[in-house]
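Structure first, then comments.
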Amino acid sequence: MQWVQIAITIVFWVAVATLAVGLIRRIRLWRNGRDAPVDWGGLLAIPRRYLVDIHHVVARDSYIANTHMAVAGGALAALALVAINYGLALYQPWLDWLTLAAAAVMLVGSYFIWARRRNPPARLSKGPWSRLPFTLAGFAAGVIGLMLVTLVPPSATTTMLALPLLLLLIAGSAELALGIGAGGPMKHAVAGLLHLGFHPRKQRFTGRSVDLRPLDLDAGDFGVGKPADFRWNQLLSFDACVQCGKCEAACPAFAAGQPLNPKKLIQDLVVGLASGSDAKFAGSPYPGIPIGEHAGAPDKAVVPFLIEPATLWSCTTCRACVEECPMLIEHVDAIIDLRRNLTLTTGELPGTASETLANLRETGTTGGHDVAARQHWAVDLDVKQAQPGTLVDVLLVVGEGAFDTRYQRTLRALVKSLKAAKIDFAVLGDSEFDTGDTARRLGDEATFQMLAQRNIANFARFQFRRIVTPDPHVLNSLKNDYPALGGHFAVLHHSTLLAQLAKSGQLQLGPTPDRRAVTYHDPCYLGRYNGEIDAPRDLLKAIGIEVREMERSGLRGRCCGGGGGAPLTDIPGRQRIPDIRIGDAKATGAAIVAVGCPQCTAMLEGVVGERPEVLDIAELVAQSLPVPA
Amino acid sequence: MASYPHLMAPITLNKLTLRNRVVSTAHAEVYAEPGGLPGDRYIRYYEEKAKGGVGLAICGGSSPVSIDSPQGWWKSVNLSNDRIIDPLARLSETMHRHGAKIMIQATHMGRRNAFHGENWPHLMTPSGIREPVHRGNAKIIEIEEIKRIIKDFGVAARRVKAAGMDGIEISAAHQHLIDQFWSPRSNFRTDEWGGSLENRMRFGREVLSEVREAVGPDFVVGLRMCGDEFHEDGLDHETLKEIAHAMGETRLVDYISVVGSGADTHNTLANCMPPMALPPEPFVHLAAGIKSVVDIPVMHAQSIRDAGQAERLLAAGMIDLVGMTRAQIADPYMVEKIRDGREDEIKQCVGANYCIDRQYNGLDVLCVQNAATSREATMPHIITKSTGPRRKVVVVGGGPGGLEAARVARSRGHDVVLFERGDAVGGQINLAAKAPQREQMAGIVRWFDMETRRLGVDRRMGREATPEMILGEQPDIVVLATGGSSNMGQVPGWGFEEGLSVSSWDILSGKAEPGKNVLVYDVMSAHTGSGTADFLATRGSTVEIVTPDVKVADDVGGTTFPIFYRRLYALDVVMTPNYWLDRVYREGNKLIAVIRNEYTEGLEERSVDQVVIENGILPNDGLYWDLKERSVNFGQTDNATLFAAEPQPALSEDLSGDKFLLYRVGDCISQHNIHGAIYDALRLCKDF
């Protein structure tokens, strides 16, 4: 059937051409974005990033992992074989057999996609994505059929079948080839692979990467006001989205009915980069905001034409979306970029956010306190104040929680343990200023940088080996955000230090006298941001507590609602995020939720009605110190 | 969570930094050991407040610096001897261990005392004027004595410093020797120690410079003074502002503590520790007035009872330090609970003044609602869980004794059922709170109500418990706290059965309507009788209160009977002490009450519309006799172990199956009082 073979060759090259044209059009759209360094070496890393980093995320859902492996693997193999055998017009029957086998695998995979889509979870987008099992199956079936047609002796039957099979192949190829140019579902394959090569955070492939890019304010960089203000590789990353909705399912704001859906946000940015309206979006809307009323273009302001400010202010920056995204998209970076522009150019922030920023500028505290009052909790504890010229082992940076009488309990407990372990530590007297974390998350880069510079200069007055803090936000700021501004410190969370001390025996701990069941809530800025999920658990184990894990824990823990300035912007929803989290805790039957963060403490304790008691790890540890004779 | 930024803010006096603004101001504890030495009880009492978070405690109210200022009859600390140094040092060390600071008040009381007892000294005062409250006959102080006492202040201050205390407070309040010199009411001298204000201030000034000389510049020296004596011939607020300004300008003192009211008559004395009848913080304006003329911190106590109130006064800038002294007698952990957002768990002082009223009788200070206070060696403020078997405890009766029993047993980790036949807990306190100006008694119940709910006591309200109901719970221990009922049958002539008289409870509960012309017969002379008379008179009745005691309200303490008198006199209630009520009979539409003079046996008759009798209670002991024989211990409480604060021996008995222990607390044994019922329950149940 030579004409069939030639036809396949023609279809192949037409498809390649179509894809190339589409890709060039898409690249033009990406190039509307701002310059970013092009790391060509990243292209070489694509296979590894695909097979290791993406697989690590996708493998959490083995059904779709296997299905995708079958479909994508089968398709890639079949395409490669077709490219060799038909693109180069070799027409080798043994290659046909291999092609047939690959397509068969793809066909089986397509079946499972179809099966999943019969009762799809709410997070999955419908629309064009619903036709995918059929077009992919069509492609696979077309290839299988055509291979058989070329392999069996020609007959009237094969002649009769060849034409419809060819049409199937063309239809299937159209899905693949037109995807990138027409913005169809299969766009993800090309954009996704390129995104892996040119990822805006290549550091995440070698470790955790959560630092935010400092803005060059003097150069007039005020974040992202319109899609074209994103870096080109960020625009590329949005195109990689497969609308699987894993982010939506993980997003605490979405669950609470606040007007945020990370998936929709990324799709809106796709709309913005390619021009158009969100009318065709076939997934869950932002709760409370109807679809079809927003539109965007590369040079049109994102807010409010494409995205409402409330959507951006609902984000707790917990990174649950990022953690779940199989395409490794950085949603939170996009939100921060957009917030930066809103805050720096309009100053319009909802709730008490503006007041808080003013407090930070004017008092160096989020609550507008007298900075000297920060150490009041320690007046009766005989805690050293750091003195220039005197070396201490640990500089204890206590954070904003020190102004809160509830949280002072945690600090007092921590001091008790540090003393028991004979740690040489000191607090900053009247010169502990806020790290600026809240300002930064709210987009106020100017205030953040001002505070960071002030702190870095202040820290330079003192000599210490390491900084210890019970506040993961302080930890994250100092450890991840300050280096870009010239501040390099060894920073530990208090749970990390206490766990080390308990392990080395420097801190003697007995079994906890409180026999109630305990669950542990991972603070996002400790777990997801900084990877510390073991130390708190090790500590609890050391005092004889077996943690009853919540449904979402560790790196995939659910946010308390307290990050990113969300309690300040206070966007209304159907319910409150901490209520949901307390629900998780209650489901374990635990009577105590152990925490390791002042924000989490405040948010979870703010839940009214019957709930487990909220205790910081430091409090539980202090309870287990041996009673002095 | 509410926050108290001003209350919890540290403050520095001289070189001394306090962790917060809450002070336990100086009061007479009546705990010192013979010789006026702080012993174990004294130190533990203050230690508990230090553990509970107090910023500064000032101990030793009116501790004398001289041997001729008596201290024995109310067991004060004695600063007139070097033997005081070691025990005070133990106190200092203990307080510092918990992060609190400790000072002591030092004084010479002059005429404010009783001459009899101990060394039988001749009391001294600027002009030899007798002090009414203590019947303090005194001589005119001579210049040699003035100079010697000034020196005594200095020597005592050195002892205080040597003991490692954080400061010394000089008392010029409550009409001690310094303010006896200040006051035109007691100083009529014509020499350099009297006459002009400048001369009258001379003694105080010299005391302060002697003390400062003795302790050096860095040691805290405070001055406690009156803000207004409320006597026509006494010191008024403007003069005291002048004095405060002058004292501040000496630069010898680091703070001034202000109290409202003089204290040398029964009526003014009642203001000093304002009882519940007075409004909250009645005299803070006096402190604020003085703050307006000095540039050093001002401290003030007097009915500052809750955190919100304290925070408000500090935030308004009226004062710099809040004395919350009775508040911490009621709950030494008050500060910690404020700090930790557990305000609802604070046992709040209601101003019942059981503490101070005992002190004025020379008895140790106890709290009406907290039996652990000053018994820290044996009675816990914080009940810890039992390590023994988990038991089923049934408590019958929701008065103070039953509530305390339920609270303590539950805190020990047991399953507790509380039966109360009424619809609300509180027992007799609910009646006590019905009398005018006694409403705050209900605060005692409020705390127990909230605590028993919080702790998860299984409260069965509105049904009278029967032996079947109690045994149906399969209890290991039954505690009866069934209280009592009005004891009206004691004298048949009162005609209670015939309806010729009603009880005080009938009036207070509203069961009996107040009559027009009423005779109240008060056998007990405690709060109930006078309260009932007040209740009736306030509602328009014409009232005569008759008692066989030597005076009406004879068994009501020194800071509370004046409140009754203020009201009863104002309402034209006729007070007739020294008469017994023999019988009541009906004549026409009137009742004739026959009363008999205790001393002449002479009979008198009163024609009235209603006779109301207060004769205490008879125990409700029916359940006890029903259950006694069935219990393992036959209802017996072992007094030897009870009084020694040790566990009841019967607790080690086998209580399997239907076997149970039976105990009683409070009035269902015999009439005690609120404190008595609570103490019974605490000492019994703390070892369950």
Side-chain angles (χ1 to χ4, degrees), chain A residues 363 365-383 385 400-413 415-416 419 427 429-430 511-516 567 591 598 601-610 613-616 619 622-623 627-629, chain B residues 1-13 15-22 49-57 93-102 166 307-308 310-311 314-315 333-345 382 384-387 390 413 453-454 456:
Chain A
T363 69
T365 73
T366 56
H369 302 282
D370 173 0
V371 88
R374 198 188 295 269
Q375 311 299 354
H376 278 176
W377 61 277
V379 159
D380 56 345
L381 297 179
D382 202 18
V383 170
Q385 301 210 340
E400 182 80 8
F403 295 109
D404 172 45
T405 45
R406 158 62 185 97
Y407 195 69
Q408 288 168 4
R409 244 157 67 197
T410 299
L411 294 173
R412 274 192 293 271
V415 162
K416 212 168 148 188
K419 284 189 170 172
V427 295
D430 55 4
T512 177
D514 191 339
R515 304 310 305 171
R516 292 177 292 168
T601 307
M603 296 304 288
L604 297 179
E605 283 206 336
V607 173
V608 295
E610 286 280 310
E613 188 175 0
V614 180
L615 290 174
D616 193 279
E619 294 180 273
Q623 283 175 15
V627 181
Chain B
M1 195 168 118
S3 81
Y4 306 95
H6 297 86
L7 189 59
M8 290 300 148
I11 185 172
T12 300
L13 305 174
K15 301 270 190 297
L16 180 73
T17 300
L18 312 181
R19 58 183 164 186
N20 55 51
R21 303 299 179 96
V22 182
K49 300 189 198 203
K51 280 160 60 179
V54 71
L56 167 68
E93 188 277 322
T94 304
M95 299 298 280
H96 293 159
R97 201 165 353 112
H98 303 294
K101 303 299 180 192
I102 178 78
D166 299 299
E311 174 68 20
L314 291 168
Y333 288 87
M334 178 193 73
V335 177
E336 185 183 278
K337 290 174 184 175
I338 293 171
R339 201 183 64 190
D340 293 352
R342 296 186 288 133
E343 296 95 326
D344 282 352
E345 294 173 38
I382 294 168
T384 52
K385 285 216 168 12
S386 164
T387 51
R390 185 172 175 140
R453 284 174 204 260
R454 181 180 72 83

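No experiment lies behind these values; they were computed from the predicted model shown. Excluded from the calculations below are hydrogen atoms, water molecules and symmetry mates; all remaining heavy atoms, backbone and side chain alike, are included. Sequence lines set the chain letters: A, B, ... in the order given, protein chains first and strands last, and positions in each chain run from 1.
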- Taking atom OG1 of Thr405(A) and atom CG of Asn20(B), what is their separation to the nearest 0.5 Å? 12.0 Å
- chain B contacts: which residues in residues 369-382 of chain A have a non-hydrogen atom closer than 4.5 Å to it? His376(A), Val379(A), Asp380(A)
- Can you say whether Arg412(A) sits under 4.5 Å from chain B via the side chain, the backbone, both, or neither, judging by heavy atoms? side chain
- Excluding sequence neighbours, so at least two apart, what forms ring pair (Phe, Tyr, Trp, His ring centres under 6.0 Å) with His96(B)? none
- Decide if atom NZ of Lys337(B) counts as having more than 12 heavy atoms of other residues, nucleotides or ligands within a radius under 6.0 Å. yes
- Can you tell me if NZ on Lys385(B) sees more than 12 non-hydrogen neighbours from other groups inside 6.0 Å? no
- Query: Is there a donor-acceptor pair under 3.5 Å between the side chain of Arg409(A) and the backbone N or O of Asp340(B)?
  - Reply: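 It does hold such a pair.
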